[in-house]
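Numbering of residues begins at 1 and proceeds along the displayed sequence. Because the structure is predicted, anything quoted here is derived from the model rather than measured.
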Amino acid sequence: MPASPPDFDVLIVGAGISGIGMAAHMGMKAPGHSYCIVERRDNLGGTWDLFRYPGIRSDSDMHTLGFDFEPWTHEKSIADAPAILEYLDRIVDERGIRQHIRFGHKVLSADFRHDEARWHVEMEKADGSRTHLTANFLYLGAGYYDYDEPYDPGFDFGEFEGQVLHPQFWPQDLDYAGKNVVVIGSGATAVTIVPAMAQQANHVTMLQRTPTWMFTRPAKDGFANFLRRILPEKLAYRVTRFKNIKMQDFSFKLARDNPQKVIDALYKKIEKALGPDYDKAAFTPPYNPWEQRLCLVPDEDLFRAMKEGRADVVTGHIAKFEKGGVRLADGRFLPADIVVTATGLKLAVAGKIDVRVDGAPVAFNERFYYKGCMFSNLPNLAVVFGYLNASWTLRADINSDYVCRVLQHMRATGTVIATPVLTKEAEAAIVEDDVFDFSSGYIQRGKHIMPRNSISYPWRLNQEYVVDRKRMKDDPLTDGILTFTKPGANARAADQQLEAAE
């Protein structure tokens, strides 16, 4: 091992919710460790800085999308991107995190060298030059989708002469006042864009191949705002957060156990918003609720735009794009000056970084998740892949806390390499499970690149936050799987641990 220490104890990739959360947790729970955040963009915020389309907002309540350590104090719990960025900016300034962020640094490759117990990380700066950093531990908070390339369904725009754009690359100062807009898609992005653009456009049509289950709720959480008036802020936040976590868990399990009951409740809310004569087929997907994420319609904004005649929802297949609009397979013609292809994201693993161990490439689809945080036989690396059935930040919080425990344990025991060891014999006994049992297009398209999952803990990206939180906090680190070693030991089995006695 080199006499000189690495540049940082921890290198955090990404200055979005995951990366900022990890930095904040380190400040509280691993304060003796140095860290650096590298961010490819010029601003923090990740998703909330990248996407600039009209109306962009959270589709999770901010009492669970917010961090466990920082109360959400805005009146609206369904927040827009500027409010979320303000929340993140305040955290990085109040906690002294901003000085640790290096913007304009795109990570290209990372190679862990056992003999040095450190990652060698190559980055490209905004001017095209290369730079190099070393770190003992690598924390990937770069999200789960391709920042460079969204999903392309391969449309042939033929004779269409209007503007075509994807929400991931929204142009600045787009003028759509008085124009006809067709938004292709029925996911959360489309459901957000349609009512927002309808405020200025002549008319906006949401063109869907298949419907999506939608539910309404107020953008303001009356219960949370009441508690904030009568309780200390942090206590009010904890109570609201607890309530919302329980409601998320209850609603998801109810949908899986009694889907018809949930379907009836969703129909009832849509009928209340649109009236008894609404087109039920346009809101009836060919799957049960929570086989894909439900789409939130805060304050019934989409339905209000429909009732006022500013927007509509059309179900059909595209035959071709013609001059002035879109022709459907059944002959209908949708006039359009602008077409928005809200057709989804393209999944990416580990931020598309070329990850290696001792020079050998790491194929993540050949590794098992360990506690939804680390990977089998991959040392000193953790990642955040948020919940499909709950808020992203819930996973980010528990993973950050867990990694801080690992860091503190290594410091206390004089060990510098932490590896979840999976022997060939143990791997052969694993029964695999499709934890991504969601029918969402982006999930199905990207499953081939995703890490593997067992039916049982710990080799699993679990989808039960309440269970995961308790396990990650209370289960012992030294579980016979996570090994703590020194350079040169390179443990290959759980019985090769070299940690100091506790």
Are [X] and [Y] close enough for a salt bridge, meaning some N to O gap below 4.0 Å?
{"X": "Lys320", "Y": "Asp156", "answer": "no"}
{"X": "Arg327", "Y": "Glu159", "answer": "no"}
{"X": "Asp299", "Y": "Arg217", "answer": "no"}
{"X": "Asp68", "Y": "Arg241", "answer": "no"}
{"X": "Glu70", "Y": "Arg90", "answer": "yes"}
{"X": "Asp59", "Y": "Arg57", "answer": "no"}
{"X": "Asp173", "Y": "Arg52", "answer": "no"}
{"X": "Asp249", "Y": "Lys253", "answer": "yes"}

Quiz item: Which residue, Ile84, Thr393, Ile78, forms the side-chain contact (heavy atoms from CB on, under 4.5 Å) with Met62?
Solution: Ile84
Quiz prompt | Test applied, side-chain contact (heavy atoms from CB on, under 4.5 Å); reference residue, Val262; option that passes from Asp257, Leu254, Asn288 | solution =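 In the set Asp257, Leu254, Asn288, the residue that makes a side-chain contact (heavy atoms from CB on, under 4.5 Å) with Val262 is Leu254.
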Would you call the rings of [X] and [Y] parallel, tilted or perpendicular if under 30° counts as parallel and over 60° as perpendicular?
{"X": "Tyr465", "Y": "Tyr387", "answer": "perpendicular"}
{"X": "Tyr87", "Y": "Trp72", "answer": "perpendicular"}
{"X": "Phe385", "Y": "Trp392", "answer": "tilted"}
{"X": "Phe368", "Y": "Trp459", "answer": "perpendicular"}

Practice problem: Would you mind reporting whether Asp397 and Met22 have side-chain heavy atoms less than 4.5 Å apart? | Solution: no
Quiz item: Does the side chain of Tyr53 reach to within under 4.5 Å of the side chain of Leu165, using non-hydrogen atoms?
Solution: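 Result no, sub-4.5 Å side-chain heavy-atom pair not found.
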Practice problem: Could you tell me whether Lys352 atom NZ has more than 12 heavy atoms of other residues or ligands within 6.0 Å of it? | Solution: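 Enclosed.
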Practice problem: Check whether the ring centres of His25 and Phe69 lie less than 6.0 Å apart, and answer yes or no. | Solution: yes
Exercise. List the steps, then state whether ring-ring contact (aromatic ring centres under 6.0 Å, His included) holds for Phe303 with Phe283.
Key: CA-CA 11 Å; Phe303 302 137; Phe283 300 95; 5.8 Å; yes
Quiz item: Roughly how far, to the nearest 0.5 Å, is CG of Leu388 from CH2 of Trp290?
Solution: 8.5 Å
